[in-house]
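To start, the structure under review is shown below, and the notes come after it.
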Amino acid sequence: TVHAFCQSLLREHFTLCGIEPDFRLADDTQCQLLQEQALNDALEEAYQASQPGFVALCENLTDGRSDRRLCEAILDIFGRLRSHPDPDGLLELLPGLCAGDPEGQDWMRRLQLEARSRLAHGKQGLLQTRALCASVEEVEQKYGPTLEAYLSFCDRLEQAMEQGWNAARDCLDGFDKGRLPGCRYEDKAFLERIKGGRDRFAAMVQNLRQECYFQRWEAIRAEGRQAAPMVEALCTLVQAFSHHYQAEKRRRGLLDFSDLEHLTLKLLVQPDGTPSDLALQLQSQLREVLVDEYQDTNEIQERIFRALRKPEDQAFFVGDVKQSIYRFRLAEPAIFLDRYKKSKDFTGVETGAVKLSLNQNFRSRPEVLSLCNAVFSRLMTEAFGDVDYDHSQRLNAGRQAEGTVPSEVLLLDCPPDPLADEEEAKAVVEARLVAHRVLKLLREGYFDGQDNILFVHTGGAAALFAMDLP
């Protein structure tokens with residue numbers, strides 16, 4: 001693993017990074033205890049100093065009885081920064097971003113893109129509702145004008161979004177949900193479908209107003225300037241916490257996984273970004289670098305990989321962005337996607353960066369792959385899933401199987417139960433559903449139950465499944 005490589009390199013060159021050769025890796029419990037101690041120390045210093053920015057921060061993030069929310073904010077920011085190659089440098093930039101003009105900042109662009117995506121999806125649903133309404137003349141006469149007004153609003157909002165932030169906000173402020181007139185059409189379920197489509201669109205518009213275009217431009221700018229001292233105080237707290245946490249680990253001869261990455265990067269890359277003498281030595285020993293599970297790489301790891309090889313050396317990156325599962329650990333699939341998009345399709349004659357799709361599947365039957373392709377092609381887009389599920393992403397059968405076996409998707413609608421453990425409740429219901437389906441197939445003579453395989457989740461699902469079979 002990357003961390004095993006980093007650990008080995010640090011033990012061999014411990015004198016270059018100022019650590020003890022017999023350092024130990026801290027486990028989760030040790031990290032949590034040390035962070036609690038560091039948090040208490042940092043907050044105690046801040047309370048004693050009681051700078052105006054910190055006092056204002058406490059007024060906004062504490063309730064007078066507990067500073068739990070403030071502690072959570074410090075830990076969350078610290079954890080996110082640790083995946084960045086220069087966390088201290090990034091932290092220093094944050095107060096200035098609040099005090100500056102929000103126009104052109106990344107968060108605002110993201111909100112505008114999100115708003116356009118939501119509007120496009122809402123308009124698509126509204127068009128389907130409109131077509132359904134038009135199919136019955138009596139309903140069309142009653143509900144058609146309202147739905148047409150909604151579609152006209154869509155057009156106005158699209159134009160307003162192009163004009164700018166305030167124009168979009170003003171347009172949203174002018175939205176009138178209105179009331180549908182009475183309709184005596186006998187199919188009440190049909191009427192509820194029309195009303196449901198209209199209500200979903202109106203709720204989408206309300207969410208756009210509250211979650212995307214939440215204030216006018218001038219109010220956002222004023223609020224940002226007002227928040228700048230509090231953000232500066234919060235950043236100072238994060239820095240103090242980081243200092244105490246690192247000191248506690250150093251005193252005990254401990255490193256965490258993030259330390260392994262940062263110290264290794266410091267060994268391999270000089271402050272000006274050029275390879276260190278150690279990196280040049282390693283480059284002379286390596287001719288090829290292979291990185292597996294590349295979709296779960298973060299920016300620090302990517303810089304380590306770059307430092308280990310010369311630009312002309314061979315490098316192989318293996319991954320699948322659809323299988324990225326470590327975003328909660330701040331992996332950045334965008335690193336994989338950037339390299340993927342810049343690479344040319346491999347035909348055997350290209351030079352430079354090329355890509356080869358390993359989309360031949362030898363594990364599953366063609367029917368299973370066909371079902372997966374049908375589902376993912378409708379769900380996965382670049383906006384939702386990071387990649388468009390087109391022909392280049394499809395799973396192709398690498399082997400032929402005898403006969404034809406239909407594939408099934410069983411969908412469960414599980415209302416939340418506040419009194420039950422959600423994951424355990426889902427496991428019980430899934431196990432019971434599968435057990436009953438298998439039992440039905442056995443009774444129908446679909447298979448004999450002797451030489452068949454059933455894949456289940458790990459944990460107690462297998463036992464639950466067995467309990468439900470007679």
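We use all heavy atoms of the structure for the numbers below, so side chains are in, but hydrogens, waters and symmetry mates are not.
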**Message:** Using every non-hydrogen atom in the two residues, find where Ala42 and Leu237 come nearest and quote the distance to one decimal.
**Reply:** O-CD2, 3.9 Å
**Request:** Report, as yes or no, whether the 6.0 Å neighbourhood of atom CD on Glu20 holds more than 12 heavy atoms from other residues, nucleotides or ligands.
**Result:** no
**Test item: Phe14 and Asp22 side chains (from C-beta on) under 4.5 Å apart, heavy atoms** = no
**Request:** Flag yes if more than 12 heavy atoms outside Asp277 fall under 6.0 Å of its CG atom; otherwise flag no.
**Result:** no
**Euclidean distance, Met161 CE relative to Leu172 CG, rounded to 0.5 Å** = 6.5 Å
**Prompt:** Ring centroid separation for Tyr47 and Phe54, is it under 6.0 angstrom?
**Reply:** yes
**Message:** For Lys355, I'd like to know if atom NZ has over 12 heavy atoms of other residues, nucleotides or ligands within 6.0 Å.
**Reply:** yes
**Message:** Between Arg437 and Glu408, is there a side-chain heavy-atom distance shorter than 4.5 Å?
**Reply:** yes
**Item:** Note: Glu248-Arg251 ion pair, threshold 4.0 Å (strictly below)
**Value:** yes
**Prompt:** Do side-chain atoms of Ser377 reach the backbone of Asn373 as a donor and acceptor pair under 3.5 angstrom?
**Reply:** yes
**Asked** What is the distance from atom CD of Gln360 to atom CG of Asn396, rounded to the nearest 0.5 Å?
**Response** 5.0 Å
**Asked** Any side-chain heavy-atom pair from Leu94 and Leu234 closer than 4.5 angstrom?
**Response** no
**Prompt:** When you check the side-chain N and O atoms of Glu218 and Asn166, is any donor under 3.5 Å from an acceptor?
**Reply:** yes
**Prompt:** Is Ser242 reaching over with its side chain to a backbone N or O of Val238, donor-acceptor style, under 3.5 angstrom?
**Reply:** no
**Message:** Quick check for you: to the nearest 0.5 Å, what is the distance between Leu111 atom CG and Asp106 atom CG?
**Reply:** 9.5 Å
**Asked** Does the side chain of Asp256 come under 3.5 Å of the side chain of Ser258 through a donor N or O and an acceptor N or O?
**Response** no
**Message:** Does Asp173 have more than 12 heavy atoms from other residues, nucleotides or ligands lying within 6.0 Å of its CG?
**Reply:** yes
**Item:** From CA spacing to verdict: side-chain contact (heavy atoms from CB on, under 4.5 Å), Val291, Phe336
**Value:** CA-CA 11 Å; Val291 181; Phe336 172 94; over 6 Å; no
**cation_pi(Lys177, Phe175) dist<6.0 Å, angle<=45** = no
**Asked** Is it the case that Glu36 and Asn40 place a side-chain donor and acceptor less than 3.5 Å from each other?
**Response** no
**Item:** Cys154 and Phe201, any side-chain heavy atoms less than 4.5 Å apart
**Value:** yes
**Prompt:** If you measure from the Lys or Arg side-chain nitrogens to the Asp or Glu carboxylate oxygens, is any gap between Arg303 and Glu261 under 4.0 Å?
**Reply:** no
**Message:** Using modelled atom types and a 3.5 Å cut-off, is there a donor and acceptor pairing between side-chain atoms of Thr129 and backbone atoms of Gly125?
**Reply:** yes
**Item:** From OG1 (Thr381) to CZ (Arg378), nearest 0.5 Å
**Value:** 14.0 Å
**Prompt:** Does the pair Asp338 and Lys342 meet the rule for a salt bridge (charged side-chain N to carboxylate O under 4.0 Å, His left out), with working shown?
**Reply:** CA-CA 6 Å; Asp338 181 65; Lys342 290 179 179 178; 3.3 Å; yes
**Request:** Give me the ring orientation class for Phe241 and Phe78: parallel if the planes are under 30° apart, tilted from 30 to 60°, perpendicular past 60°.
**Result:** perpendicular
**Item:** Mutual orientation of the aromatic rings belonging to Phe317 and Tyr294 [parallel < 30°, tilted 30-60°, perpendicular > 60°]
**Value:** tilted
**Request:** Mark yes or no for whether Ser66, through its side chain, and Arg68, through its backbone, hold a donor-acceptor pair below 3.5 Å.
**Result:** yes
**Item:** Lys/Arg N to Asp/Glu carboxylate O, Arg216 vs Asp170, below 4.0 Å
**Value:** yes
**Request:** Decide side-chain contact (heavy atoms from CB on, under 4.5 Å) for Met204 and Leu119; before the verdict, give the C-alpha distance in whole Å, the side-chain angles of both, and the deciding distance to 0.1 Å.
**Result:** CA-CA 8 Å; Met204 182 274 298; Leu119 178 60; 4.1 Å; yes
**Prompt:** Short question: side chain of Gln32, backbone of Thr29 - any donor-acceptor pair under 3.5 Å?
**Reply:** no
**Request:** Starting at CZ of Arg250, measure out to CG of Asp259 and round the result to the nearest 0.5 Å.
**Result:** 10.0 Å
**Prompt:** Do side-chain atoms of Asn361 reach the backbone of Ser364 as a donor and acceptor pair under 3.5 angstrom?
**Reply:** yes
**Asked** Can Glu302 and Arg306 be counted as an ion pair, charged N to O under 4.0 angstrom?
**Response** yes
**Request:** Would you indicate whether Gln37, at its atom CD, is surrounded by more than 12 heavy atoms from other residues, nucleotides or ligands within a distance under 6.0 Å?
**Result:** yes
**Asked** Less than 4.5 Å apart, any side-chain heavy atom of Cys6 and any of Leu267?
**Response** no
**Asked** Is there a donor-acceptor pair closer than 3.5 Å between any side-chain N or O of Glu288 and the backbone N or O of Gln314?
**Response** no
**Prompt:** Is any side-chain heavy atom of Leu34 closer than 4.5 Å to a side-chain heavy atom of Arg252?
**Reply:** yes
**Request:** Would you check if the side chain of Ser117 reaches a backbone N or O of Leu113 as a donor-acceptor pair within less than 3.5 Å?
**Result:** no
**Asked** Do the side chains of Gln295 and Lys322 get nearer than 4.5 Å, heavy atoms only?
**Response** no
**Request:** Check the pair Arg116, Glu162 against salt bridge (charged side-chain N to carboxylate O under 4.0 Å, His left out), reporting the backbone distance first and the verdict last.
**Result:** CA-CA 10 Å; Arg116 289 188 176 95; Glu162 294 298 325; 3.8 Å; yes
**Donor-acceptor under 3.5 Å (Gln283 side chain, Leu308 main chain)** = no
**Request:** Would you check, one step at a time, whether the test side-chain contact (heavy atoms from CB on, under 4.5 Å) holds for Tyr213 with Gln112?
**Result:** CA-CA 8 Å; Tyr213 295 95; Gln112 290 171 317; 3.9 Å; yes
**Test salt bridge (charged side-chain N to carboxylate O under 4.0 Å, His left out) applied to Arg118 and Glu114, step by step** = CA-CA 6 Å; Arg118 291 189 188 186; Glu114 174 67 18; 2.8 Å; yes
**Message:** Is any side-chain heavy atom of Val387 closer than 4.5 Å to one of Phe376?
**Reply:** no
**Asked** Under 3.5 Å, side chain of Ser8 to main-chain N/O of Phe5, donor-acceptor pair present?
**Response** no
**Message:** Can you confirm whether Glu223 is buried at CD, in the sense that more than 12 heavy atoms of other residues, nucleotides or ligands lie under 6.0 Å from that atom?
**Reply:** no
**side-chain contact (heavy atoms from CB on, under 4.5 Å) between His244 and Glu45, worked out** = CA-CA 11 Å; His244 285 293; Glu45 293 172 355; 2.9 Å; yes
